[in-house]
Each structure stands twice: as C-alpha cells, then as structure tokens.
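Before any comments, here is the structure.
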Amino acid sequence: MTSIRTRFAPSPSGYLHVGGARTALFNWLYARHTGGRFILRIEDTDKARSTEDSIKAIFEALEWLGIDWDEGPFYQSKRTEIYRQYIERLVRTGHAYYCTCSPEKIQQMREKAMAAGDKPRYDGTCREKNLGPQPGAVVRFRAPYSGTTVLKDVVKGNIVFQNSELDDFVICRSDGTPTYNLAVVVDDLTMEINTIIRGDDHVMNTPKQILLYKALEAQLPVFAHVPMVLGNDRSRLSKRHGATSVTAYRDMGILPDALINYLARLGWSHGDQEFFTREELIQKFDIAAVGKSAGIFDPVKLQALNADHIKASDPASLAPRLVPFLARTGIEARPDQYMAKVIATLNTRSKTLVEMAEAARFYYLDQITFDEKAARKFLKPAVAPALEKLLAKLEQLDEFSDKSLEKVFIQVMEETGLKLGKIAQPVRVALTGTSVSPGIFEIIGVLGKKRVTDRLEKALEYIRERSG
RNA sequence: GGUCCCAUCGUCUAGCGGUUUAGGACGCCGGCCUCUCACGCCGGUAACAGGGGUUCGAAUCCCCUUGGGAUCACCA
C-alpha cells in the first residue's frame, strides 16, 4: 500500500479565506490521518495577480491554524522548464499541436457560435496543420471529439462528461508559459500527488486533467471534490458576507483549534459529535464521510464552538494568546501565574479572546473608574458600614480562599443584617467598577489583599464625597 | 443559455429500506441554579422542496418538476 500524498495549492492573489483554509485542512487532516504526506504548492503562474504579500499572508494563516507541510512550498513560477518538457512531449506524441489562430479570431469564433446557439469552442482550424513552434503560437491539447470521460469522485460519485462538450484547450500560452490545467497535472504528477482534495468548483476542469493524465500515460490520482462554503444568502462566500479571511477570525479572538473544528464540521461529520480537539480530528477524519452539499458559513456557531474551546483550554496555555488582546485595550501584561488565575475566572464567560480581554481589564488597572450608573445604584451611604466592616476583616485575613472569604462575608452579613445580594453588588462595583463580573469570592481571591483593600477604600471615599 | 453538481429544522448535520411520534448542535423561547453576568442543568420551538414510480414497507432507490450552486479564458 503506497502512502497518501495530498497537497494544498493556493494561488497567491489575496489572503487565505476560510474556504481555502478548509480545503487545506481536509488535505492536511487526511494526510495526517493516514500517516501520509502533505505538500504545499504556490500556483503563481499568473504574474499579474500573484503578490509576495499574498504568499506571506497564506503562510501566516496556515501557521496560525497549525497546518504544517512536509514538502514545499513549491512555486509554479520556478518550474517553467519542467512544464516545457511535458508540453513538448505532448506535441511529440501527437496529443497536442501548435495553433496560430489569433485571439481575435478565436473571439469571433466564439461570438459566432454563441449567436448560433452553440457552445463556444475552438473549431480545430490548426488541428491537422501540423504546425511547428513559431512566435505567437499557442499549444492546444488534441481532445477527443467523441466518447466520454468519467470522473470517479470519492465524494460525488461517478460523473460522466461527454467529450463532445470539451474543446482543444490551450495548454501553453504564446509566451511559452503553461496554462493552469497543464501546470496542475504536471505538478501533481511530478510531485506524486495521489489524492487530490479540492473545492468542487474544480469539477469542470477535471475531465480536461484526466485527459492529460491519460495522454501522459500516467496513473490517475484519487479525486475528492468537497462542496463549497457559502454565505448566508447561499451565494459563494465573499467579503460582503462579512469577514472571510482566516486572520480576521484570529483578530476577532477565535482560537485556531476552534476554527479548525468548525471548518472540519462544515461538510464533514462524525455521528453527533460537535466538539473535536485537533488530535481527535486527525484520528477521526475521513473523506468518505464528507457530505455532497454546500454549506453556509455561520459565524455565530463558530463563536459558540470557540466558547467551548476556551472552556476546555488550560488557563495557563491561553495566557500567551490573551496578551495581544489585552495590549489592544491598553493593558501590557505578561502571561504569568496571575494571568492564568485571571483566565480561570473568565473562561466560562467569554466567547472570544476579545471579550475575555475586555472582561479582564479590571484585574490589571491601577485605577478603577466606576461605571456611573453602577456606582450611583450600588455605592450608597447605606452600604458604607458593611464595606467598612469587610475592609477591616479582610485586612486581618491572611489566606484568601473561597472558604475563608465566604466566612468573612457571612460575618458581615450577620453584623449588618444585610443579605449577600445587598453586599456583593457594592463590593463588585468597588472592585471592578461595574456591576458585572465573575463571582465575588473569585475576584477577591485573584486580586489579593492589597488591591482589594485599596479599592474598597477608594469606594468608601467615593461614597463619602457623594454624601458629603 | 449549455454542461455539471446539490436538496432533512433558520443554520451545521445524524439517518445509509422497516429499530423514527425523524436524533444532535447553534440560534431562539421558557424554567431551574444564583452575589451580578455567564456557565451548567431541564424543557420547548422548528425539517424530510413538490409530484410520480419501485417495494409488503421510502427521508432513505429511480424518474420528472422546482429551487439553489458551480462552470463555460492564452485566470487559477
């Protein structure tokens, strides 16, 4: 049994979008699942659209996703000599021929066919002329006029194409560069790719490629065309549907494992399971279980899954990821033990790292600013005695555990006759500035004696100023 | 328009001829828990596009219709 070789072959004409990421993911997962190899190839033959920045953006996105490759990156732009050899071979074996029909003539041909209600295709003017190489000539593939070409697709099943639908497509441009279909086949052949997993927008190209494989007397790879990712209006996912780039989701505070989990589950399933770790994905992924129909990208479900991944993550391991998001809110902090404790209080109430960073700010601020509404409602003279008693008791307390803190609060409740609800909210405002936060014992435990007593004093000052 | 693909709750999906009053998840709506907000837990809402066949029996197989998508380059 030969080992599986898959590849991801993006064209660098923009950032990596989630659809492309899913294709990369499926290839990567399948290679990892089978113990095969995953190859990265950059399809940059279109000089006009390919940019260095796009290439870097794609690497960056793949790296963030944790999708690594075993071979490559290979660049089509550096392989022109290889393509030239294969094109020559096809001409030599009679599978291709030079064509001197001008683009204008082809255009006319097309318009005429369209007007007559026919399919716009090359009429074969140069097919039997046996022309040699010459300036301005392209090379066309000699496609069969009759018969059928069958694509045996792992996810779609058998798809039959009438060869009469095909025409003598160009495999080499007049400037000597190969066209997409030729380059892809030569690359996949020479890189020994035996499993091609790609978006189903490529199915119509596949019969041409199969014909090329046959002309080259090569063994066909296994094809798996996975369904597209759509926007909420069922059209192809694009910018007008909102964020589509992988890095945009990174910046929104989505965890790479959550995005991978979501993308994998969009079009693939394993019974009723929704949550998968990276390892589970590798262990359970199988192209045979990929569905046939297109799926709509749902950012809301992605967020829900992200929340699950945040919950399942070890707080300490989340700390380095949280740092840049804290920085964005003006908090410069190190991913230390303190941050791990902060995260432990926030991980069940944050859907994204952006939310978590926002909710974590009060742990780091030197100066708490009170939310006006919250302060007016809860920091009233009536609670001052309770806050004072609490302050005094906490100053005497050495160990800030849930248990010891609860004991202190119970004492204050007994002495003041106030219920916990009446005391907790003012304390919460005093410590966080707002009326929403993690549990009161939790935040006291994390903040520690110094910060807590300082903030309680500040709150008491505030109450005195307001009443006085 | 030609060709090709697809079709289960709003969305992602389970289902691969009988075990189905069609299951799970997200969302939404209730409730419980409770120091706030969440989390968690419990319950509810909601689908086999339509029509013909095949079969004792169809969401599952076949055909048609409808709807959606893809693709028709010297772009990839």
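Quick note: numbers below take in every heavy atom, side chains included, and nothing from hydrogens, waters or symmetry partners. Chain naming here is simple, since letters A, B, ... match the order of the sequence lines and numbering starts at 1 in each.
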**OP:** Take atom P in B:C72 and the same atom in B:A22, then report the distance between them in whole Å.
**Re:** 43 Å

**OP:** Indicate, with a heavy-atom threshold strictly under 4.0 Å, whether A:T45 touches base, sugar-phosphate, or nothing.
**Re:** sugar-phosphate

Original post:
Counting any heavy atom closer than 4.0 Å, what does A:K311 reach on the DNA or RNA strands: base, sugar-phosphate only, or nothing?
Top reply: sugar-phosphate

Subject >> Aromatic contact, A:F276 with A:W268 (centres under 6.0 Å) >> reply: yes

**OP:** By nearest nucleotide on RNA chain B, pick out whichever of A:G439 and A:K292 is the more 5' one.
**Re:** A:K292

Subject >> Watson-Crick or G-U counterpart of B:G2, or none if no pair lies under 3.5 Å >> reply: B:U71

Original post:
Cation over ring, A:K78 on A:Y75, under 6.0 Å and within 45°?
Top reply: yes

**OP:** Starting from C1' on B:C4, measure out to CG on A:L166 and report it in whole angstrom.
**Re:** 12 Å

Subject >> Spacing between A:R140 atom CZ and B:A73 atom P, to the nearest angstrom >> reply: 11 Å

Original post:
Between A:F297 and A:Y249, is the ring centre distance below 6.0 Å?
Top reply: yes

**OP:** Name the closest nucleotide to the A:S269 side chain, picking from B:A76, B:A14, B:G27.
**Re:** B:A14

Subject >> B:A7 versus B:G50 - spacing of their P atoms, nearest Å >> reply: 15 Å

**OP:** Examine B:A38: is either OP1 or OP2 under 4.0 Å from a nitrogen or oxygen in the side chain of A:K351? Give yes or no.
**Re:** no

Original post:
How many Å lie between NE2 on A:H270 and C1' on B:A25, as a whole number?
Top reply: 15 Å

Original post:
Is B:G10 paired to anything, Watson-Crick or G-U wobble with both distances less than 3.5 Å, and if yes, which nucleotide?
Top reply: B:C26

**OP:** Just compare B:C35, B:U3, B:C4 and give me whichever is closest to any side-chain atom of A:Q425.
**Re:** B:C35

**OP:** Could you measure between the two C1' atoms, the one in B:C62 and the one in B:U55, and give it in whole Å?
**Re:** 12 Å

Original post:
Using purine N1 to pyrimidine N3 plus N6-O4 or O6-N4 for Watson-Crick, or N1-O2 and O6-N3 for G-U wobble, both under 3.5 Å, which nucleotide pairs with B:C35?
Top reply: none

**OP:** Look at the side chain of A:F441 and decide which nucleotide, out of B:U71, B:C35, B:U13, has an atom nearest to it.
**Re:** B:C35

Original post:
Taking N and O atoms by type only, does the side chain of A:D44 place a donor or acceptor under 3.5 Å from a partner on the base of B:A76?
Top reply: no

**OP:** Answer with base, sugar-phosphate or nothing: what part of the nucleic acid does A:L266 contact at a heavy-atom distance below 4.0 Å?
**Re:** sugar-phosphate

Original post:
Looking at A:R110, does any N or O in its side chain come under 4.0 Å of the phosphate oxygens OP1/OP2 on B:C74?
Top reply: yes

**OP:** Look at all strands and tell whether A:R234 reaches a base, only sugar-phosphate, or nothing, counting heavy atoms closer than 4.0 Å.
**Re:** sugar-phosphate

Original post:
If we only count heavy atoms from C-beta on, is the A:Y98 to A:P133 side-chain gap below 4.5 Å?
Top reply: yes

Original post:
Separation of A:D272 atom CG from B:A22 atom P, in whole Å?
Top reply: 16 Å

Subject >> Of the listed nucleotides B:C26, B:C74, B:C5, the one nearest the side chain of A:A304 >> reply: B:C26

Subject >> NZ (A:K449) with more than 12 external heavy atoms under 6.0 Å >> reply: yes

Original post:
Where the side chain of A:P120 is defined as all heavy atoms beyond and including C-beta, which of B:C72, B:C35, B:C26 is the nearest nucleotide?
Top reply: B:C72

Original post:
Can you tell me how far C1' in B:G68 sits from the matching atom in B:A49, rounded to whole Å?
Top reply: 11 Å

**OP:** Starting at atom CG of A:N232, determine the distance to atom P of B:G27, rounded to an integer number of angstrom.
**Re:** 17 Å

Original post:
So what does A:I159 touch, heavy atoms closer than 4.0 Å: a base, only the sugar-phosphate, or nothing?
Top reply: sugar-phosphate

Original post:
To the nearest angstrom, how far is A:Y98 atom OH from B:C74 atom P?
Top reply: 17 Å

Original post:
Nearest-Å distance, CG (A:L431) to C1' (B:C35)?
Top reply: 12 Å

Original post:
Does A:S77 offer a backbone N or O that forms a donor-acceptor pair with the side chain of A:D44 under 3.5 Å?
Top reply: yes

**OP:** Answer yes or no: side-chain N or O of A:T179 and base N or O of B:C74 forming a donor-acceptor pair under 3.5 Å.
**Re:** no

**OP:** Kindly state whether the ring of A:Y122 and the ring of A:F169 have centres lying under 6.0 angstrom apart.
**Re:** no

**OP:** Measure from the side chain of A:V170, starting at C-beta and using heavy atoms only, and say which of B:C74, B:A76, B:C39 lies closest.
**Re:** B:C74

Original post:
Does B:G18 pair with anything, Watson-Crick or G-U wobble, both distances under 3.5 Å, and if so, with which nucleotide?
Top reply: B:C56

Original post:
How would you label the contact of A:P438 with the nucleic acid (heavy atoms, under 4.0 Å): base, sugar-phosphate, or nothing?
Top reply: base

**OP:** Using the P atoms only, state how far B:U8 lies from B:A47, rounded to an integer number of Å.
**Re:** 14 Å

Subject >> Side chain of A:E274 (C-beta onward), nearest among B:U71, B:A76, B:C12 >> reply: B:C12

Original post:
Taking CG from A:D168 and P from B:C74, how many angstroms apart are they, rounded to a whole number?
Top reply: 12 Å

Original post:
Between A:H202 and A:F223, is the gap from one ring center to the other below 6.0 Å?
Top reply: no

Original post:
For B:U36, does either OP1 or OP2 sit under 4.0 Å from a side-chain N or O belonging to A:S437?
Top reply: no

Original post:
Among B:C35, B:U36, B:G27, which nucleotide sits nearest the side chain of A:R349?
Top reply: B:U36

Original post:
Whom does B:C48 pair with, Watson-Crick or G-U wobble, provided both distances fall under 3.5 Å?
Top reply: none

Original post:
Closest nucleotide of RNA chain B for A:G291 versus for A:R236: which of these residues is on the 5' side?
Top reply: A:G291

**OP:** Look at all strands and tell whether A:S293 reaches a base, only sugar-phosphate, or nothing, counting heavy atoms closer than 4.0 Å.
**Re:** sugar-phosphate

Original post:
Do the two ring centres, one from A:F285 and one from A:F26, sit under 6.0 Å apart?
Top reply: yes

Subject >> Integer angstrom distance from the P of B:A14 to that of B:G24 >> reply: 15 Å

**OP:** Could you work out the separation of B:C63 and B:U54 based on their P atoms and round it to a whole Å?
**Re:** 15 Å

**OP:** Side chain of A:K301 only, please: which of B:C12, B:C74, B:C35 is the nearest?
**Re:** B:C12

Original post:
How far, in whole Å, is B:A70 from B:C74 if one measures between their C1' atoms?
Top reply: 23 Å

Subject >> Which nucleotide in B:A76, B:A70, B:C4 has an atom nearest any side-chain atom of A:N205 >> reply: B:A76

